[in-house]
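Each remark here refers to the structure printed beneath this line.
Each residue takes its place number in the sequence, starting with 1. Side-chain atoms are counted along with the backbone in the values below, which use heavy atoms only and exclude waters and symmetry mates. If you're wondering where the values come from, they're calculated on a predicted model, not measured in any experiment.
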Amino acid sequence: MAAWPFRSALVTGASSGIGEAMVRHLATAGVPTVVVARREGRLRELAAQDDGIEVLAADLTDREGLAAVAQRIAADGDRAIDLVVNNAGFGTSGEFHALDPDRLDDEVQLNIAALTRLSRAALGAMVPRRRGWLLNVSSVASFQPAPRLAVYAATKAYVTSLTESLHEEVRGTGVHVTALCPGLTRTEFQQVSNTEHYQSNFPSFAWLDADDVARAGLDDVARGRALSVPGLVYKGMAAATGMTPRGLVRRLSGLVQRQ
Ligand SMILES: NC(=O)c1ccc[n+]([C@@H]2O[C@H](COP(=O)([O-])OP(=O)(O)OC[C@H]3O[C@@H](n4cnc5c(N)ncnc54)[C@H](OP(=O)(O)O)[C@@H]3O)[C@@H](O)[C@H]2O)c1
């Protein structure tokens, strides 16, 4: 069992994929966890498997839903939250000029605006307490542009940048802020983002397991790392991207997305 320091947690996007895997790891480690997503039935199924799970069904693109989650994060005393995981997010694959503009609004609202609001709520509660952990789920897509997944990559570039800034801002306060940057991970993401063709376009070694990604993120935020990039393939890719001329990275990214 993992010896994490968290005494309580809140995970958004807990109804499937990486978020659900995090909740299972936290439950095994005995960490009481508030689970957030829109599909309340899925959250209730999770809660039925462990006494320590509190269900908070909310749509984070909705003003009231977001405010309710921010309020829960700000609670003090017995209800204080030690670890906040901003994991809810989605992407939209396709030619930018032809995508549904309302869907892109929701993507920006969830991946950027909601994450910012909940990060503010988390640090507002944690810094005065001089204790806490914030894990923002970004992506390796944040390290370079991604033609045909352009808005998604741009939202994740924001998440990594914001999170690294906050990591430095709270240095020495007892609060730790980490960006989790997974590569391709088998979850409902592919179905939701219209990237199911990735399953056949990318080799098996490129695929990560949601359980492993979830554990790596929780381990790295507990260690106080700024960035968590699970898997050797993606650690190498992130390092190589930093050393490659920007124009070349852009062209290669365009070729990969064209597959
Ligand atoms: N899978 C990958 O290849 C991959 C790679 C890099 C980064 N990521 C990132 O990892 C995170 C988790 O994604 P995943 O792969 O686990 O995908 P997933 O299985 O589709 O999970 C997404 C979660 O977000 C929740 N969510 C979506 N819209 C929401 C809304 N408006 N309000 C509240 N919750 C909402 C979903 O729950 P409901 O539908 O029940 O609301 C679900 O629990 C995302 O930020 C994603 O960008 C994924």
Atom [atom1] of [X] and atom [atom2] of [Y]: how far apart are they, to the nearest 0.5 Å?
X: Thr244; Y: Met237; atom1: OG1; atom2: CE; value: 10.0 Å
X: Asp76; Y: Arg129; atom1: CG; atom2: CZ; value: 5.0 Å
X: Leu66; Y: Asp62; atom1: CG; atom2: CG; value: 8.5 Å
X: Cys181; Y: Lys235; atom1: SG; atom2: NZ; value: 11.0 Å
X: Arg250; Y: Leu248; atom1: CZ; atom2: CG; value: 10.0 Å
X: Leu134; Y: Thr178; atom1: CG; atom2: OG1; value: 8.0 Å

Is the backbone of [Y] close enough, under 3.5 Å, to the side chain of [X] for a donor and an acceptor to pair up by distance?
X: Ser138; Y: Val159; result: no
X: Asn87; Y: Thr12; result: yes
X: Asp220; Y: Arg225; result: no
X: Glu54; Y: Ala47; result: no
X: Ser165; Y: Ser161; result: yes
X: Tyr234; Y: Ala206; result: yes
X: Glu107; Y: Tyr152; result: yes
X: Arg38; Y: Leu60; result: no
X: Lys156; Y: Val137; result: yes
X: Thr33; Y: Leu10; result: no

* Asked: Is it true that the side chains of Gln144 and Ser253 contain a donor and an acceptor less than 3.5 Å apart?
  -> no

With hydrophobic residues grouped by side-chain heavy-atom distances under 4.5 Å, do [X] and [Y] end up in a single group?
X: Val84; Y: Met22; value: no
X: Val175; Y: Leu227; value: no
X: Leu149; Y: Val249; value: no
X: Val229; Y: Val221; value: yes
X: Leu110; Y: Val108; value: yes

Taking all heavy atoms of [X] and all of [Y], pick out the closest pair and write down the distance.
X: Ala58; Y: Gly65; answer: CB-O, 3.8 Å
X: Gln190; Y: Thr185; answer: NE2-O, 2.9 Å
X: Gly19; Y: Val11; answer: O-CG1, 3.9 Å
X: Arg72; Y: Arg79; answer: NH1-O, 2.9 Å
X: Ala157; Y: Ser142; answer: N-CB, 3.6 Å
X: Ser16; Y: Arg42; answer: CB-NH1, 3.6 Å

Tell me, yes or no, whether the heavy-atom count around [X] atom [atom1], taken from other residues, nucleotides or ligands under 6.0 Å, exceeds 12.
X: Asp102; atom1: CG; answer: yes
X: Glu188; atom1: CD; answer: yes
X: Leu232; atom1: CG; answer: no
X: Arg251; atom1: CZ; answer: no
X: Glu64; atom1: CD; answer: no
X: Arg103; atom1: CZ; answer: yes

State whether [X] and [Y] are salt-bridged, where the test is any N-O pair (Lys NZ or Arg NE/NH1/NH2 against Asp/Glu carboxylate O) under 4.0 Å.
X: Arg24; Y: Asp211; value: no
X: Glu20; Y: Arg39; value: no
X: Glu168; Y: Arg171; value: yes

Within the structure provided, determine whether [X] and [Y] are in side-chain contact (heavy-atom separation under 4.5 Å).
X: Leu162; Y: Leu115; value: yes
X: Leu83; Y: Leu26; value: yes
X: Arg131; Y: Met126; value: no
X: Pro230; Y: Leu180; value: yes
X: Asp212; Y: Arg215; value: no
X: Val151; Y: Thr155; value: yes
X: Leu56; Y: Leu43; value: no
X: Asn111; Y: Tyr158; value: no

* To do: Tell me whether the centres of the aromatic rings in Tyr198 and Phe189 are closer together than 6.0 Å.
  => no

* Classify the ring geometry between Phe6 and Trp133 as parallel (under 30°), tilted (30 to 60°) or perpendicular (over 60°). => perpendicular

